[in-house]
Undergrad: 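Sharing a structure below in structure tokens format, with a few things to ask.
Each chain gets a letter, A, B and so on, in the order the sequences are listed, and its residues count up from 1.
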Amino acid sequence: MTENTAPKSFIHEIVENDLASGKYGGRVHTRFPPEPNGYLHIGHAKSVCLNFGLAQQYGGKTNLRFDDTNPTKEEQEYIDAIKEDVRWLGFEWDAELYASDYFDQLYDWAVVLINKGLAYVDDLSPDEIREYRGSLTQPGKNSPWRERSAAENLDLFERMKAGEFDEGSRVLRAKIDMASPIINLRDPVLYRILKASHPRTGDKWCIYPTYDWAHGQSDSIEGITHSICTLEFVNHRPLYEWCLKSLDIYAPQQIEFARLDLSHTVMSKRKLLRLVNEGHVSGWDDPRMPTLSGLRRRGVRPEALRAFAETIGVAKTNSTIDYALFEHTLRADLEPIAPRAMAVLRPLKVVIENLAADQTEWFEVDYYRHDETKEETRRVPLTREIYIEQDDFMAEPLPKYFRLAPGQEVRLMHACLITCTGFETDADGNVTEVRCTYDPATLGGAAPDGRKVKGTIHWVSASAGAQAAVRLYSPLLRTENDDPDAPDTDDFIAGLNPDSFETLTAVVEPALLQAAAGARFQFVRNGYFYADPVESKPGQPVFNRIVGLKDSWAKQQPK
RNA sequence: UGGGGCGUGGUGCAAUGGUAGCACAGCGGCCUUUGGAGCCGUUUAUCUUGGUUCGAAUCCAGGCGCCCCUGCCA
């Protein structure tokens with residue numbers, strides 16, 4: 001699935017160099033380390049593809065490791081969803097592991113640190129710790145508890161573990177340098193008291209390691225070679241290395257890359273959670289969500305996501321990917337594989353005056369006109385009354401409008417040429433019905449006399465077609481960007497696109513009623529659609545629009 | 001002078017001392033039984049100043065800009 005033509009990233013180069021130099025004995029071992037406190041989104045997909053992709057390309061392994069060090073935020077529901085999403089994306093891990101698997105070892109290592117005089121129990125309150133830390137420009141100052149003896153620290157740490165102290169009353173800190181310009185090195189907290197039950201370890205622990213104390217050692221235990229993470233962890237690398245060096249254990253290397261930012265959508269877990277909780281979307285799998293479950297529900301294929309990850313590349317520059325590139329990737333993925341069919345989203349009735357009411361013309365139409373290797377067809381009936389798109393008729397056509405208009409001739413795709421002879425309107429002047437005649441010599445759609453028709457429109461028989469619910473989805477945000485770190489004030493909610501979801505009752509050709517749940521089609525001239533796997537019923541599919549087709553006519557119209 | 005990361009067309013990604021290329025977007029054209037399939041062409045870029053060099057996006061120095069770091073979150 002991976003294009004070998006894709007340019008290699010700086011990370012690939014690092015891996016290749018390490019392979020060449022024999023740095024890890026020719027091994028490549030990565031890990032994907034999600035915190036189970038939310039659903040995976042397309043940004044995680046980039047990381048999943050990178051980590052698993054690297055292992056695949058260089059014959060290595062990848063662990064799925066849940067970073068479950070904070071029981072106050074993590075839930076089993078998320079663990080299950082994450083596993084499902086990674087598998088759906090197309091990857092299988094070599095081992096399913098948890099940072100919590102290492103809680104005993106991590107505790108023992110903390111004791112080692114204490115014995116080396118490199119960690120101490122601090123009685124300062126959270127507020128005091130913050131004060132003592134100093135600021136970006138001011139050095140911090142030592143805690144009065146910094147010089148406790150190893151014996152006293154050991155005793156206190158053990159009692160922390162035993163549950164003798166309240167949350168927030170004491171922490172275990174590394175003893176590094178309160179004046180370091182790297183704030184993470186100003187005696188970072190290694191353990192805090194959290195009297196919370198853990199999804200996996202239950203009530204065994206009431207002290208939990210912080211990310212900084214758990215991550216590098218977990219990597220070390222698993223023999224990870226390249227520990228890939230996002231840019232905001234660059235500042236943590238000195239601490240990552242300090243821990244491993246202080247313990248004198250195997251040290252992987254941490255490598256950072258820029259996380260994905262996509263325009264017109266929200267990417268922070270906090271905001272996604274808020275959208276769900278406040279009902280702005282129907283759930284984590286709402287097709288508008290950038291979550292993998294949302295994209296899956298919308299009909300996006302994992303192949304498209306993998307191709308997208310390949311396309312956007314990996315670098316250290318913060319950047320925002322244009323939503324249009326994502327949509328392009330979706331179309332490129334579906335274009336070759338999607339069978340074509342006709343569905344009229346916003347129906348307008350057309351009466352073909354010279355076709356008898358009891359007359360039906362049947363056409364055998366290719367599903368894959370774009371692909372000569374596939375020959376499946378279905379039968380499409382033409383009757384006196386049909387539906388076309390409202391947009392495909394104009395009572396007073398604009399210049400260069402090639403579709404139906406009084407006196408104008410168009411092709412009904414796959415069927416015949418029709419000429420508009422008139423139309424009817426309601427009291428408000430809305431067109432309610434269009435009248436046409438067809439040319440019997442053009443059955444099949446070609447004109448024997450060689451006459452050219454500029455417009456070809458799709459259509460569905462009114463009597464033989466069927467109604468089907470069709471839902472259109474557009475980007476969540478009206479604005480291009482959402483600052484991923486801005487507070488989720490009402491502004492973020494106010495910026496939501498009010499038209500991101502629209503349900504229509506479309507008229508679809510008879511064959512589409514047989515669409516299996518999960519089937520994908522291109523509705524000609526409209527876009528790619530997916531028979532919703534949850535709401536579709538036998539004989540009554542519900543379609544989600546995965547992505548629209550580009551529309552050069554709409555584009556050239558002044559707004 | 002807190003520390004760190006990063007600056008290439010509108011948006012992204014390449015080029016690793018030797019003609020700045022690719023994708024998306026845009027624009028123009030061809031073609032068309034998807035105006036929305038397909039094809040072709042094309043505008044636009046090395047943050048800045050200086051230095052090294054026959055030659056700099058690439059190396060060096062200064063400046064500027066953006067991002068990250070003051071959780072007992074990850």
Undergrad: Taking atom C1' in both rU19(B) and rG12(B), what distance in whole Å separates the two?
TA: 24 Å

Undergrad: Give one of base, sugar-phosphate or nothing for Thr317(A), where a contact means two heavy atoms less than 4.0 Å apart.
TA: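 The residue Thr317(A) makes sugar-phosphate contact but no base contact.
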
Undergrad: Which is true for Ala446(A) with a 4.0 Å heavy-atom rule: it touches a base, it touches only sugar-phosphate, or it touches nothing?
TA: base

Undergrad: Can you tell me the distance, in whole Å, between the CZ atom of Arg259(A) and the C1' atom of rG5(B)?
TA: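 Taking CZ of Arg259(A) and C1' of rG5(B), I get 14 Å after rounding.
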
Undergrad: Let me check I have this right: for RNA chain B, each base becomes ., (, ), [, ] or |, based on Watson-Crick or G-U pairs with both distances under 3.5 Å. What is the full string?
TA: .((((((..((((....[..)))).(((((.......)))))....(((((..]....))))))))))).....

Undergrad: Would you name the heavy atoms of Phe10(A) and Glu256(A) that are closest together and state the gap between them?
TA: CZ-O, 3.3 Å

Undergrad: Examine rU32(B): is either OP1 or OP2 under 4.0 Å from a nitrogen or oxygen in the side chain of Lys452(A)? Give yes or no.
TA: yes

Undergrad: So which of residues 334-345 of chain A are in contact with RNA chain B, with a heavy-atom cut-off of under 4.0 Å?
TA: Glu335(A), Arg340(A)

Undergrad: Can you tell which of Ile228(A), Leu64(A), Leu97(A) makes a side-chain contact (heavy atoms from CB on, under 4.5 Å) with Arg31(A)?
TA: Ile228(A)

Undergrad: Is the side chain of Arg331(A) donor-acceptor paired with the backbone N or O of Gly548(A) at a distance under 3.5 Å, no angle test?
TA: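 Yes: the side chain of Arg331(A) pairs with the backbone of Gly548(A).
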
Undergrad: What distance, rounded to whole Å, do you find between the two P atoms, one in rU32(B) and one in rG21(B)?
TA: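 So the two P atoms sit 33 Å from each other.
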
Undergrad: Is the base of rU70(B) touched by the side chain of Gln138(A) through a donor-acceptor pair closer than 3.5 angstrom?
TA: no

Undergrad: For nucleotides rA56(B) and rG18(B), find the distance between their C1' atoms and express it as a whole number of Å.
TA: 10 Å

Undergrad: For Arg369(A), which contact category applies under a 4.0 Å heavy-atom criterion: base, sugar-phosphate, or nothing?
TA: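 Result for Arg369(A) = base.
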
Undergrad: Using the P atoms only, state how far rA15(B) lies from rC59(B), rounded to an integer number of Å.
TA: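 About 13 Å, rounded to a whole number of Å.
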
Undergrad: Of Ala415(A) and Phe10(A), whose closest RNA chain B nucleotide lies nearer the 5' terminus?
TA: Phe10(A)

Undergrad: Is the distance between the ring centroids of Tyr528(A) and Phe521(A) under 6.0 Å?
TA: no

Undergrad: Answer yes or no: does a side-chain N or O of His458(A) lie under 4.0 Å from OP1 or OP2 of rU34(B)?
TA: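 False: His458(A) side-chain N/O out of range (4.0 Å or more) of rU34(B) OP1/OP2.
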
Undergrad: Scan Arg133(A), Arg146(A), Lys175(A), Lys141(A) and name whichever one has a salt bridge (charged side-chain N to carboxylate O under 4.0 Å, His left out) with Asp187(A).
TA: Arg146(A)

Undergrad: Distances under 3.5 Å only, N/O to N/O: pair up the protein atoms with those of nucleotides 72-74 of chain B.
TA:
from	atom 1	to	atom 2	distance (Å)
rC72(B)	OP1	Arg133(A)	NH2	3.1
rC72(B)	OP2	Arg133(A)	NH1	3.1
rC72(B)	N4	Leu124(A)	O	3.2
rC72(B)	N4	Pro126(A)	N	3.3
rC72(B)	N4	Gly168(A)	O	2.8
rC73(B)	OP2	Arg192(A)	NE	3.0
rC73(B)	OP2	Arg192(A)	NH2	2.8
rC73(B)	O3'	Arg192(A)	NH2	3.1
rC73(B)	O2'	Asn70(A)	ND2	3.3
rA74(B)	OP1	Thr69(A)	OG1	2.7
rA74(B)	OP1	Arg192(A)	NH1	3.3
rA74(B)	OP1	Arg192(A)	NH2	2.9
rA74(B)	OP2	Tyr211(A)	N	2.9
rA74(B)	O3'	Asp67(A)	OD2	3.3
rA74(B)	N6	His236(A)	NE2	2.9

Undergrad: Should Lys316(A) be listed as having a side-chain N or O under 4.0 Å from OP1 or OP2 of rG5(B)?
TA: no

Undergrad: Between Phe233(A) and Tyr240(A), is the ring centroid distance below 6.0 Å?
TA: no

Undergrad: Please confirm whether any donor atom in the side chain of Asn235(A) sits under 3.5 Å from an acceptor in the base of rG3(B), or the reverse.
TA: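 In this structure, the two groups form a donor-acceptor pair.
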
Undergrad: Heavy atoms only, 4.0 Å cut-off, all strands: where does Val453(A) land among base, sugar-phosphate and nothing?
TA: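 Counting heavy atoms under 4.0 Å across all strands, no contact is made by Val453(A).
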
Undergrad: As a test of reading the structure: which of rU70(B), rG35(B), rA25(B) is closest to the side chain of Ser135(A), going by heavy atoms?
TA: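 My answer, after comparing the listed nucleotides, is rU70(B).
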
Undergrad: Could you pick out which residue, Leu136(A) or Val314(A), lies toward the 5' side of RNA chain B when each is mapped onto its nearest nucleotide?
TA: Leu136(A)

Undergrad: Looking at Glu389(A), His414(A), Glu509(A), which hits side-chain hydrogen bond (donor to acceptor under 3.5 Å, both in side chains) with His458(A)?
TA: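 The passing option is Glu389(A).
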
Undergrad: So which nucleotide from rA23(B), rG5(B), rG35(B) ends up closest to the side chain of Leu325(A)?
TA: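 It is rA23(B).
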
Undergrad: Once you apply a heavy-atom cut-off of 4.0 Å, does Val234(A) come out as touching a base, just sugar-phosphate, or nothing?
TA: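 Result for Val234(A) = sugar-phosphate.
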
Undergrad: Would you classify Ser263(A) as touching base, sugar-phosphate or nothing, given that sugar-phosphate means primed atoms plus P, OP1 and OP2, and contacts are heavy atoms under 4.0 Å?
TA: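 No contact.
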
Undergrad: Given rG2(B), rG5(B), rG3(B), which nucleotide is nearest the side-chain atoms of Ile182(A)?
TA: rG3(B)

Undergrad: Answer yes or no: is there a donor N or O on one side and an acceptor on the other, between the side chain of Gln390(A) and the main chain of Pro347(A), under 3.5 Å?
TA: yes

Undergrad: C1' atom, rU8(B) versus rG71(B): distance in rounded Å?
TA: 37 Å

Undergrad: Treating Thr210(A) as the side-chain partner and Val189(A) as the backbone partner, does any N or O pair qualify as donor plus acceptor under 3.5 Å?
TA: yes

Undergrad: Under 4.0 Å between a side-chain N/O of Thr456(A) and OP1 or OP2 of rU32(B), yes or no?
TA: no

Undergrad: Check each of Arg411(A), Arg525(A), Arg346(A) against Asp392(A) using the salt bridge (charged side-chain N to carboxylate O under 4.0 Å, His left out) test, and report the only one that passes.
TA: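 The option that passes is Arg525(A).
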
Undergrad: Which listed nucleotide (rU70(B), rG3(B), rA23(B)) is nearest to the side chain of His328(A)?
TA: rA23(B)

Undergrad: Look at the side chain of Gln522(A) and decide which nucleotide, out of rA37(B), rU34(B), rG5(B), has an atom nearest to it.
TA: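 Selected nucleotide (nearest to the side chain): rU34(B).
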
Undergrad: Report the C-alpha distance between Glu232(A) and Arg259(A) in whole Å, list the side-chain angles of each, state the deciding distance to 0.1 Å, and finish with yes or no for salt bridge (charged side-chain N to carboxylate O under 4.0 Å, His left out).
TA: CA-CA 9 Å; Glu232(A) 60 269 29; Arg259(A) 69 182 176 193; 3.7 Å; yes

Undergrad: For Ala179(A), is there any backbone N or O sitting under 3.5 Å from a side-chain donor or acceptor partner on Asp177(A)?
TA: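 Yes, Asp177(A) side chain to Ala179(A) backbone: donor-acceptor pair under 3.5 Å.
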
Undergrad: Counting heavy atoms from C-beta on, name the nucleotide in rU34(B), rG35(B), rG2(B) closest to the side chain of Met413(A).
TA: rU34(B)

